[in-house]
Amino acid sequence: MCGIVGIVSTQYVNQALYDALTVLQHRGQDAAGIVTFQNDRFYLRKDNGLVRDVFLAPHMRRLVGNVGIGHVRYPTAGSASSAEAQPFYVNSPYGITLAHNGNLTNADDLARDLFRTDLRHINTNSDSEVLLNVFAHELQKLGKLNPTKDEIFSAVSAVHKRCRGAYAVIAMITGYGIVGFRDPNGIRPACYGVRETEEGNEYMIASESVSLSAAGFRLVRDIAPGEAVYVETDGTLYTQQCAESSRLNPCIFEHVYFARPDSIIDKVSVYKARLRMGETLADKILRECPDHDIDVVMPIPDTSRTSALQMAHRLGVKFREGFIKNRYIGRTFIMPGQKLRKKSVRQKLNPIDLEFRGKNVMLVDDSIVRGTTCHEIIQMARDAGARKVYFASAAPPVRYPNVYGIDMPSPQELIAHDRTVREIQELIGADWLIYQDLDDLISCVSDVNPDIEGWECSVFDGYYITGDVDDAYLARLDAMRRDEAREASQVGVPSDNAIIDLHNDED
């Protein structure tokens, strides 16, 4: 999962891009990058690390220009080398940089075609570089010295015909502007907004609406599935549907875990969706155990706080903050390596013994993936004096891998894979475990936007909506995602401390 942003402004965009990426930091903590444009030159800075660590004052001063794009990344399948930090760049045609959120399910086939037919070389293992070269090749085929909006939209249409999977993309074309587009299923989110100034309209395209509001932009709307939004350097905006067929099937896990609660995605408030998740989960508790003995409901900070609060209200029991979170530890779900995730849990959370001692505690988390975190947390609650520890997941059991840009682990590493709820309960050490039902989860996010035709729920039901994911593909992905393979791939990988200025007058 990654975060993308692009801005066309009447003033320098370096600070606005930095601020937007900071707001999107929850979508990726592995690497960050910004590229700007001025006087026919790109200025690029990217490296492994958090936004605040990658961009220091000297780097920011060199990111000049009124047009730019940015990216925060966490690794999907493969190496965490900074060579795969985005945005990526190709010099032909025109000079194009690109930031991508998602995953191409036919990346291997595309890479072979790019080499054999399109005569383009791919330098990394990233499907984002593949997507960039597909877009660049389709634009180059048109053979125009000065591409118009129609030619840019035509290139996007060709991308939709060639690429499968999930992709929300922002590309910057030297001297012309930025184009943002979304896959024909709208799996990954993207929206755009405007800021009116005396000098003219400024536009921002981003993964989540919270980036817009934080920078003073007004949300216009989400980019429709298959649609492209093109903003010229003078602030002129064009939109066009570029897919032959499209339907809105957004990823439901955005609302469960990834998105910030103050974002609105496809007209659905993430905050309200999580409130409803707490309500439906409480209703299930009351159905299955109307005489429950829960004394207090506690969230596992931070994503589950909204659901836990509403659950407590619905059950008529106390809501308490039983864990204090260390804000300087990253999100454990997106940390590479089982050892690092397990170690970080106790560094990340510290229990308040007073809230646990002698109580029957219902702990609420947004989801259970590997089970490592909740097992450690349940033991921490017992060590703090809890009499009984119940555990609730605001999402259904995660039983299948994700192929659309979320680095779900190998199926064998998913605690719910081929296990019953009772077996999972015993493994994590809970006195009672309750999961959200999938139908209830879908109802929590479906009653606002009638344009949503369905939800991408593959991690829960194993159905992959692009129709091109078979057992052979999943087996290859499994080999890449096993923790031992990922950890081995990082042994000896040097940090290139990348400061890459494609045109830089400084030493």
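Heavy-atom basis, side chains included; hydrogens, waters and symmetry copies ignored.
The backbone N or O of A85 lies less than 3.5 Å from a partner atom in the side chain of K46, making a donor-acceptor pair. D222 places a side-chain N or O within donor-acceptor distance of the main-chain N or O of K267, the cut-off being under 3.5 Å. Counting only distance, with no hydrogens or angles, the side chain of Q436 and the backbone of A394 share a donor-acceptor pair below 3.5 Å. At least one donor-acceptor pair under 3.5 Å links the side chain of N133 to the backbone N or O of E129.
Using cut-offs of 30° and 60° for the angle between ring planes, the F253 and F460 rings count as tilted.
The closest side-chain donor-acceptor pair between T22 and Q25, if any, does not fall under 3.5 angstrom. In this model, a donor atom of one side chain and an acceptor atom of the other lie less than 3.5 Å apart for Y404 and T466. A donor-acceptor contact closer than 3.5 angstrom links the side chains of T236 and D234. Side-chain contact of S410 with D478: a donor-acceptor pair under 3.5 Å is present, judged by distance alone. A donor and an acceptor atom, one from each side chain of S458 and E456, are located under 3.5 Å apart. With hydrogens and angles left out, the side-chain atoms of E208 and H26 include a donor and acceptor closer than 3.5 Å.
Rounding to the nearest 0.5 Å gives a distance of 9.0 Å between CD of Q86 and CD of E84. Between atom OH of residue Y257 and atom CG of residue D366 there is a gap of 6.5 Å, rounded to the nearest 0.5 Å. To the nearest 0.5 Å, atom OH of residue Y12 and atom CG of residue N66 are 7.0 Å apart. Here H100 contributes atom NE2 and H71 contributes atom NE2; the two are 8.0 Å apart, rounded to the nearest 0.5 Å. Distance check: S207 OG to N101 CG gives 5.0 Å after rounding to the nearest 0.5 Å.
Taking the charged nitrogens against the carboxylate oxygens, K325 and D302 do have a contact shorter than 4.0 Å, which makes a salt bridge. Comment: R182 engages D266 in a salt bridge, judged by a side-chain N to carboxylate O separation of less than 4.0 angstrom. Ion pairing between R120 and D118 fails under the 4.0 Å rule for side-chain N and carboxylate O. Between R27 and E254 a salt bridge is recorded (basic side-chain N to carboxylate O distance below 4.0 Å).
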Starting from the C-alpha separation in whole Å, work towards a yes-or-no answer on side chain to side chain donor-acceptor pair (under 3.5 Å) for H160 and Y167. CA-CA 10 Å; H160 290 325; Y167 49 93; 2.8 Å; yes

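Residues V130 and S128 fail the side-chain proximity criterion, which asks for heavy atoms closer than 4.5 Å.
Checked against L17 for a side chain to side chain contact (heavy atoms under 4.5 Å, CB included), the options T36, I69, V51, L63 give a single hit: T36. Tested against I178 for a side chain to side chain contact (heavy atoms under 4.5 Å, CB included), the candidates V8, T97, V229 yield a single pass: V8.
Aromatic ring centres of Y43 and H59: separated by at least 6.0 Å. When ring centroids are compared, Y94 and Y176 come within the 6.0 Å threshold.
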Under 3.5 Å, side-chain donor or acceptor atoms of residues 243-252 against the rest of the protein: list the pairs with distances, not counting sequence neighbours.
residue, atom, partner, partner atom, Å
S246, OG, P225, O, 3.4
N249, ND2, N185, OD1, 3.4
N249, ND2, R247, O, 3.4

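For the side-chain hydrogen bond (donor to acceptor under 3.5 Å, both in side chains) condition, the pairs that include at least one residue of residues 224-233, sequence neighbours left out, are R221-E227.
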